[in-house]
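Below you'll find the structure, written out as structure tokens, and then a few comments.
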Amino acid sequence: MPTITAFESSPDRGRGQARDMRVRWALEEVGQSYDVRLVSFAAMKQPAHRALHPFGQIPTYEDGDLTLFESGAIVLHIAERHDGLLPKDANARSRTIAWMFAALSTVEPPIVELGMAMLFERDRSWYAERLPSLQERVRTRLGELPRHISNADWLDGAFSAADLMMVTVLRRLNTSGLLDEYPDIAAYVARGEVRPAFGRAFEAQLAVFNAASHSG
Ligand code: GTB
């Protein structure tokens, strides 16, 4: 049974925004049970955790003699070893992997930049001036997505690891208000969130937050 790592106390307060959520969701989609080792921010930077993750972050994934870091690599690994998250056809499989990369390297960066500014830079003198350009970079990507998802349930045929990745990336906009401007994208995210496997993953990470807040 694989073991993943997650925040002992997630700063998102149980909203399922940390990147263990996409790994949990992938494992739930394929029906693979898993263990979770919770790590504190301090423990993440210690040698024992850095031996698993060079950047001292979560999530990690351990299964037998394999250790992985990077949520994209972990989800791809899970998708390659189980049915249900990657198409069998070789070209469709490559297109799905391309969309996974697109989610992580084209869509996620401006969303993370905006999120970081909203979380950590609100009290800076230049925040109000910078915010519109951060929002505009996100809008550019959101404006380019709907033709791929408005006429179909998922990015390329059946639900896949690409949708799992894209939905978790887009969910990070939940508190920004930007998704309200793109009803097709909001509907796509909602389609992901109602999947039973998403629900199980969400509840599992929420249970960690609830346990931590009751114990403290
Ligand atoms: N590229 C890596 C991956 O995809 O796995 C990025 C991993 C990463 O950023 N991990 C974060 C981490 O360990 C947690 S998910 N941070 C601790 C550190 O770097 O010291 C990022 C995250 C954190 C908090 C929220 N939130 O509060 O809403 C959302 C997302």
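Treat the numbers as computed from the prediction; the structure is a model and nothing was measured. Atoms within each ligand, like the ligands themselves, are counted from 1 in listed order.
Classification of the Phe69-Phe55 ring pair by plane angle, with boundaries at 30° and 60°, yields perpendicular. Taking the six-membered ring for Trp and thresholds of 30 and 60 degrees, Trp25 and Phe159 have ring planes inclined between 30 and 60 degrees apart.
Here the straight-line distance linking atom CE of Met118 with atom CZ of Arg172 works out to 12.0 Å at 0.5 Å rounding.
Proximity of Lys45 to ligand 1 is established by a heavy-atom distance of less than 4.0 Å. Heavy atoms of Arg172 come nearer than 4.0 angstrom to ligand 1 in at least one pair.
Separation of the Tyr34 and Tyr61 ring centroids does not fall under the 6.0 Å cut-off.
Between atom 9 (O) of ligand 1 and the options Arg22, Glu70, Arg19, the minimum heavy-atom separation is to Arg19.
Under the side chain to side chain contact (heavy atoms under 4.5 Å, CB included) test applied with Pro59, the options Arg24, Glu70, Arg19 reduce to a single match, Arg19. Considering Asp35, Thr60, Asp63, Leu27 in turn, Leu27 is the only one that fulfils the side chain to side chain contact (heavy atoms under 4.5 Å, CB included) rule with Ile4. Only one option out of Glu121, Arg124, Gln135 pairs with Arg130 in a side chain to side chain contact (heavy atoms under 4.5 Å, CB included); it is Glu121.
Between Glu181 and Leu142, every side-chain heavy-atom pair lies at or beyond the 4.5 Å cut-off.
Regarding atom 5 (O) of ligand 1, its nearest protein heavy-atom neighbour is Ser71 N, 2.8 Å. Ranking protein heavy atoms by distance to atom 28 (O) of ligand 1, first place goes to Asp12 CB, 3.2 Å. In this structure, the protein non-hydrogen atom closest to atom 10 (N) of ligand 1 is Ile58 O, 2.8 Å. Protein heavy atom at the shortest distance from atom 24 (C) of ligand 1 is Pro11 CG, 3.9 Å. Looking only at heavy atoms of the protein, atom 17 (C) of ligand 1 is closest to Phe41 CE2, 3.8 Å. Here the protein heavy atom with the shortest distance to atom 7 (C) of ligand 1 is Gln57 OE1, 3.3 Å.
Contacts between Phe7 and ligand 1 below 4.0 angstrom, taking non-hydrogen atoms only, involve the side chain exclusively. With a heavy-atom cut-off of 4.0 Å, Pro59 touches ligand 1 through its side chain alone.
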